[in-house]
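These notes concern the structure reproduced below.
All ligand and atom numbering here is 1-based and tracks the order in the structure. Hydrogens, waters and symmetry mates play no part in the numbers below; they use all other heavy atoms, side chains included.
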Amino acid sequence: MKRIAVLTSGGDAPGMNAAIRAVVRGALYHKIQVYGIERGYEGLINGEIKEMNVSSVSDILQRGGTMLKTARSKRFMTPEGFQRAMDMLENFEIEGLVVIGGDGSFRGGLELTKAGITVMGLPGTIDNDLAYTDFTIGFDTAVNTVLSAIGNIRDTSSAHERSTVIEVMGRHCGDIALYAGLTGGAESILIPEEPVDINAICRKLIQGRNRGKLHNIIIRAEGVEISSQELAQVITDRTGMETKVVVLGYIQRGGSPTAGDRILASRMGYKAIELLMEDSTSKAIGVCGSEIISYDLETALNMTGKHNKSLMELADMLSI
Ligand code: ATP
C-alpha cells in the first residue's frame, strides 16, 4: 500500500494525538505516503486533506484533543455525502484509511469498506464501550481525571460530613464509573448495566455513619435510570444525610493522556500500519490482556457483552 490517510471522528479522547503520531510516523518509516484528514468524515467530504510529514506530528504526543479536529457528519450518512467522500478518496488515490473514533465512526468505516476502501479502526473513545477490546484509547485518562475529582470532593465532603453523588460519563457503558469508583473507594457505584438498589445504597450509608464515617461518595454513570438529582433527594429523605450532586461533564474528555493511553495509542497506531502493509482487509484494532489484537471490522462491531460483573462485585465487597 502506497498512500493512506488518517482521521479522527465522533467525540474526542485523550490519546488520539498519540495515535495519529504513531500512524503518521509508522507509515513514513515504511515509506508510505500519509495524509491527515481534518474534521472526520465531514472534512473528508469537504476535501480538508493535507499531506503529513515527520514534523506534522511533533509536540502532540502529550496533548489531549486531536490535532486533526473531530466532527460528527450527518452528510456522510446521505448517499450524496457518502459519494463525495468516496470521490475525495479517489482524487487523492488513498487506498487505506485509519479511522480513530467510537462505534459510530467504525460503522462509517464499514460503509467505506463495502465500497472498496480498506479501513483500520482504532478505538478512540473515553467510554470504553466497544466490546471487542478490553480498553479504548482515552479511557484510562478519563478514569484518572474522575479519580482526581473524587479526591477533591472527598476532602470537602468530609469537612461538611455529607454525601456526594458524582455523575460521570457513560450512557450505555458504566466503565468510567466502575473503574473510578473502585479505585477511588466510592461507597456505591451505579452503572447502566445493573439495576439500582436504593435500599442497599441507603443501608450502606447508614451503616457507615454508625461507624463514624464522615463522607460518602456515590458514583453514578449518566445512563442510569434514576437521575442524579432524584437519587440525592431519595438519599436525603431516607437517611437524613445532606447529599449534594456534582456533574463532572466535559472535564472528563480533556487532559494530557496517561502513560497507559499513550502506550495503547502508539501500539495500536503502529499495528494499523503493519496490517495495511500486509494488504489486510478492514480491521478493528484492540487490546486483549497485554496483546494488541485485530478483528474483522464487521465482526468487531457485532460483538456484545463486555460488562465486567466480577469487578462490580469486588467494588461492592471492598466498600462495606
Ligand atoms: P463517541 O463514542 O465519542 O460518540 P462515535 O464514533 O460513536 O464516537 P458518532 O457520532 O456516533 O461518534 O459517529 C461519528 C460519525 O460517524 C457520525 O457523525 C457519522 O458521520 C458516522 N456514522 C455513524 N454511524 C454511521 C452509520 N451507521 N453509517 C455511516 N456512518 C456513520
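Comment: Asp296 does not engage Lys283 in a salt bridge, judged by the lack of any side-chain N to carboxylate O separation of less than 4.0 angstrom. Comment: Arg75 does not engage Glu80 in a salt bridge, judged by the lack of any side-chain N to carboxylate O separation of less than 4.0 angstrom. A salt bridge does not link Arg39 to Glu42: none of the charged nitrogens lies less than 4.0 Å from a carboxylate oxygen. Salt bridge absent: Glu93 and Lys2 never bring a charged side-chain N and a carboxylate O closer than 4.0 Å.
Ring to ring, Phe82 and Tyr41 are not that close: their centroids are 6.0 angstrom or more apart.
At least one N or O atom of Ser105, backbone or side chain, sits closer than 3.5 Å to an N or O atom of ligand 1. Considering backbone and side-chain atoms together, Gly102 places an N or O closer than 3.5 Å to an N or O of ligand 1. No N or O atom of Arg171 sits closer than 3.5 Å to an N or O atom of ligand 1. For a threshold of 3.5 Å applied to N or O pairs, the pair formed by Gly104 and ligand 1 contains at least one separation below that value.
Side-chain atoms of Ser157 and Thr164 include a donor-acceptor pair closer than 3.5 Å.
Looking only at heavy atoms of the protein, atom 19 (C) of ligand 1 is closest to Ser73 O, 3.4 Å. Looking at atom 29 (C) of ligand 1, its nearest protein heavy atom turns out to be Gly108 CA, 3.6 Å. Among all non-hydrogen protein atoms, the one lying nearest atom 15 (C) of ligand 1 is Ser9 OG, 3.7 Å. The single protein non-hydrogen atom nearest to atom 25 (C) of ligand 1 is Met77 CE, 3.6 Å, given as residue, atom name and distance. At the top of the distance list for atom 3 (O) of ligand 1, counting protein heavy atoms only, stands Gly11 N, 3.0 Å. When hydrogens are left out, the protein atom nearest atom 2 (O) of ligand 1 is Thr125 OG1, 3.4 Å; that is the closest non-hydrogen contact.
Residues Lys204 and Ser188 form a side-chain contact, since some pair of their non-hydrogen atoms from C-beta on lies under 4.5 Å apart.
Few gaps surround CD on Glu194; more than 12 heavy atoms of other groups in view lie less than 6.0 Å from it.
With atom 10 (O) of ligand 1 as the reference point, the heavy atom nearest to it among Arg107, Met169, Arg72, Glu111 is part of Arg72.
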